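The structure appears right after this line, and notes come after that.
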Amino acid sequence: MGNSAGELRREGRGSAGSVWPRMDELPYSVEVTDTTAAIADRFPNLEPGAETGSVVAVAGRLMLRRVQGKLAFGTLADHTGRLQLFAPSASTPEFDAFCALNLGDWISVSGEVMTTRRGELSVRVDAWQMLAATRRSFPDKWHGITDPDTRFRQRYVDLWVTENSRAALAARSRIVSLIRRFMESRDYMEVETPIFHPIPGGALARPFVTHHNALDLDLYLRIAPELYLKRLVVGGFPRVFELGRVFRNEGLSPRHNPEFTMLECYEAYGDYEVHMALTEQLVESLAREICGTTQITYDGRELNLSAPWRRVPLAQLVSETIGREVSVHSPIDELRTLCEEHGVPIKESYGTGKLLLELYEKTTEHTLWEPIFVTDYPKEVSPLSRDHRDDPLLTERFEGIVAGRELCNGFSELCDPDEQRARFEDQAAQKAGGDDEAMAVDEDYLRALDYGLPPTVGLGIGIDRLVMLLTDTTTIRDVVLFPTLRPEVTE
RNA sequence: GCCCUCGUAGCCAAGUGGUCAAGGCAGCGGACUUUUAAUCCGAAGAUCGUGGGUUCGAAUCCCACCGGGGGCACCA
């Protein structure tokens with residue numbers, strides 16, 4: 001593909017000459033009193049031909065322009081919306097230059113708020129100045145950009161011409177802000193733990209590797225903050241959360257970006273029931289704030305996010321799907337046969353827990369639409385979760401599934417250092433056996449557990465997917481400002 | 001990584017073997033004092049992603065490469 005940057009061209013400009021504007025003529029600052037939305041809010045019901053006597057100063061980009069000889073109309077866009085500019089030649093300073101503005105130019109305008117004969121709310125251009133010129137032409141003013149590649153690479157243009165883009169990304173910002181407020185209102189303390197990890201841990205995933213020169217040390221970009229956050233609980237902070245980027249060296253898809261944002265939080269003295277309640281309350285409150293309702297539409301289907309959500313053990317769900325009673329206690333050959341029957345690829349090394357999980361993921365997970373907590377995952381596939389109080393082969397772990405996709409993962413935390421060491425060693429053996437995603441033994445984390453981790457529950461929520469859910473978008477690239485792409489080829 | 005699919009001017013977009021590759025927007029020149037994607041007139045703008053090949057003839061068919069999208073695999 002070619003270099004698809006906007007065409008570089010700025011000539012003519014009517015009588016204003018070919019070098020206009022000169023960069024040294026552009027202002028260093030400008031007064032702005034109002035956003036376009038604030039003006040629309042303040043004057044909701046003006047009659048046609050009204051004059052308000054109210055003078056405002058607005059700034060943004062000129063998105064449309066309608067010049068008719070001695071009278072010109074413009075449409076100014078800012079981050080809140082659009083507003084018409086009304087420019088009669090008799091009163092507009094440098095009227096010809098105003099008419100010669102290009103679509104996309106940054107300008108500021110001050111003047112009286114009024115309405116036209118047709119009743120359109122406008123600002124009369126009593127004074128104006130250019131703030132920055134576009135020297136590349138803006139996309140088609142009606143069609144915008146349709147090519148996703150161009151949209152993601154030139155997000156700075158996309159945000160102006162694709163309303164959904166701007167709306168989804170603004171919603172993301174608001175969701176992140178609301179999450180912070182929610183957590184703080186429950187006495188959680190926000191912390192920042194390392195992104196460089198000497199031992200990647202806290203999740204099953206392949207990490208990115210980097211290198212520190214002075215220490216001559218390979219470091220890994222974190223795949224999860226989990227183990228550091230639990231060290232902080234050991235350190236005496238009973239409620240901590242981190243809202244930050246994690247990195248996983250995996251394929252890209254409409255639901256995967258190599259760097260994504262995760263909320264992780266830990267609460268001492270609680271078990272997994274506590275965080276199931278927290279999750280459903282958080283999601284419900286976000287839905288109310290962002291969507292105005294808990295009865296949302298996602299990908300064309302209705303979905304009710306109201307708490308409480310169903311809680312169903314994983315083995316029970318699988319049993320319902322395949323019409324046969326199964327559990328981690330089922331004979332391993334029976335589970336292998338069932339996997340085969342359902343077209344689930346398996347490995348010799350899989351125990352009953354892993355086989356059950358595979359069955360669940362391939363046959364059941366995608367069928368779950370309404371929010372549900374799938375609980376009591378096999379110990380074999382949950383190396384950081386605490387044993388289930390009623391069944392030694394299970395853990396007190398849950399995943400929240402919404403619209404057929406995993407939204408979060410949480411569990412009563414494994415506090416027993418000996419048991420944790422055994423689980424780490426089991427993981428390390430799998431890693432030695434060629435599993436790139438298995439965990440390594442983290443001796444310092446084990447030392448922390450030796451000092452005592454109180455009963456604790458932890459939770460991780462994928463923020464990108466949560467934003468997708470609440471903004472009704474089906475591709476993660478629509479909720480990530482600058483999604484990972486191959487570098488553009490430039491000649 | 002594998003499979004399918006797409007790539008025509010700054011943007012949108014017709015054209016699927018046959019004269020000099022439609023049209024629109026933006027940009028440029030001109031007309032126009034209440035428009036709403038304003039309208040009208042004029043001129044200009046294209047290595048048809050890149051490189052090979054088949055053919056008398058390729059945007060169109062074949063191969064490779066580059067980039068995108070979808071799916072599979074893996075995960076959140």
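These figures come from a predicted structure and were not determined experimentally. Each chain gets a letter, A, B and so on, in the order the sequences are listed, and its residues count up from 1.
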Counting only Watson-Crick or G-U wobble pairs whose two distances fall under 3.5 Å, which nucleotide matches B:rA38?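 B:rA38 is paired with nothing.
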Paired with B:rC61 by Watson-Crick or G-U wobble geometry, both distances under 3.5 Å: which nucleotide is it?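 B:rG53 - that is the nucleotide pairing with B:rC61, both distances being under 3.5 Å.
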Mind checking if [X] touches a base, just sugar-phosphate, or nothing, with heavy atoms under 4.0 Å?
| X | value |
| --- | --- |
| A:Arg248 | base |
| A:Val157 | nothing |
| A:Asp435 | nothing |
| A:Thr146 | sugar-phosphate |
| A:Arg65 | sugar-phosphate |
| A:Asp147 | sugar-phosphate |

Do the side chain of A:Asp140 and the base of B:rG24 come within less than 3.5 angstrom through a donor-acceptor pair of N or O atoms? yes
Considering only heavy atoms and no angle criterion, is a donor-acceptor pair shorter than 3.5 Å present between the side chain of A:Glu120 and the base of B:rU36?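 Such a pair exists between side chain and base.
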For [N], does OP1 or OP2 lie under 4.0 Å from any side-chain N or O of [X]?
| X | N | answer |
| --- | --- | --- |
| A:Arg486 | B:rG67 | yes |
| A:Arg206 | B:rA73 | no |
| A:Asn102 | B:rC28 | yes |
| A:Arg66 | B:rU33 | no |

Examine A:Trp128 together with A:Trp106 and report whether their ring centres are nearer than 6.0 Å. no
With ring centroids as reference points, do A:Phe398 and A:Phe373 lie under 6.0 angstrom apart? yes
In whole angstrom, give the distance that lies between atom NZ of A:Lys141 and atom P of B:rC11.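 In whole Å, B:rC11 P lies 17 Å from A:Lys141 NZ.
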Give the rounded distance in Å between these two atoms: CG of A:Leu62 and P of B:rA26.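 From A:Leu62 CG to B:rA26 P: 12 Å.
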Please evaluate residues A:Thr146 and A:Arg151 with respect to the criterion side-chain hydrogen bond (donor to acceptor under 3.5 Å, both in side chains), reporting the C-alpha separation (whole Å), side-chain torsions for both, the decisive distance (0.1 Å), and the verdict. CA-CA 7 Å; A:Thr146 57; A:Arg151 287 186 49 222; over 6 Å; no
Kindly point out which of B:rA38, B:rU34, B:rC74 is positioned nearest to the side chain of A:Arg117? B:rU34
Could you please name the option among B:rC74, B:rC12, B:rG67 that lies closest to any side-chain atom of A:His143? B:rC12
Quick test of your reading of the model: are A:Arg222 and A:Glu242 salt-bridged, counting only N-O distances below 4.0 Å? yes
Pairing of A:Arg423 and A:Asp426 as salt bridge, 4.0 angstrom limit: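 Not counted as a salt bridge, because no side-chain N and carboxylate O are separated by less than 4.0 Å.
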All pairs passing side chain to side chain donor-acceptor pair (under 3.5 Å) where residues 39-51 of chain A contributes a residue, at least two apart: A:Asp34-A:Arg42
I need the residues from residues 373-381 of chain A with at least one non-hydrogen atom less than 4.0 Å from RNA chain B; give them sorted by number, or say none. none
What do the steps show when you test A:Lys347 against A:Glu358 for salt bridge (Lys or Arg N to Asp or Glu O under 4.0 Å), and what is the final call? CA-CA 11 Å; A:Lys347 289 180 187 162; A:Glu358 290 293 319; over 6 Å; no
With a 4.5 Å limit on heavy-atom distance, are the side chains of A:Ile107 and A:Leu76 in contact?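 They are in contact (side-chain heavy atoms under 4.5 Å apart), so the answer is yes.
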Measuring only the P atom in each nucleotide, how far is B:rU60 from B:rU55? A whole number of Å is fine. 16 Å
With rounding to whole Å, what would you report as the distance between B:rG53 and B:rA37 at their C1' atoms? 45 Å
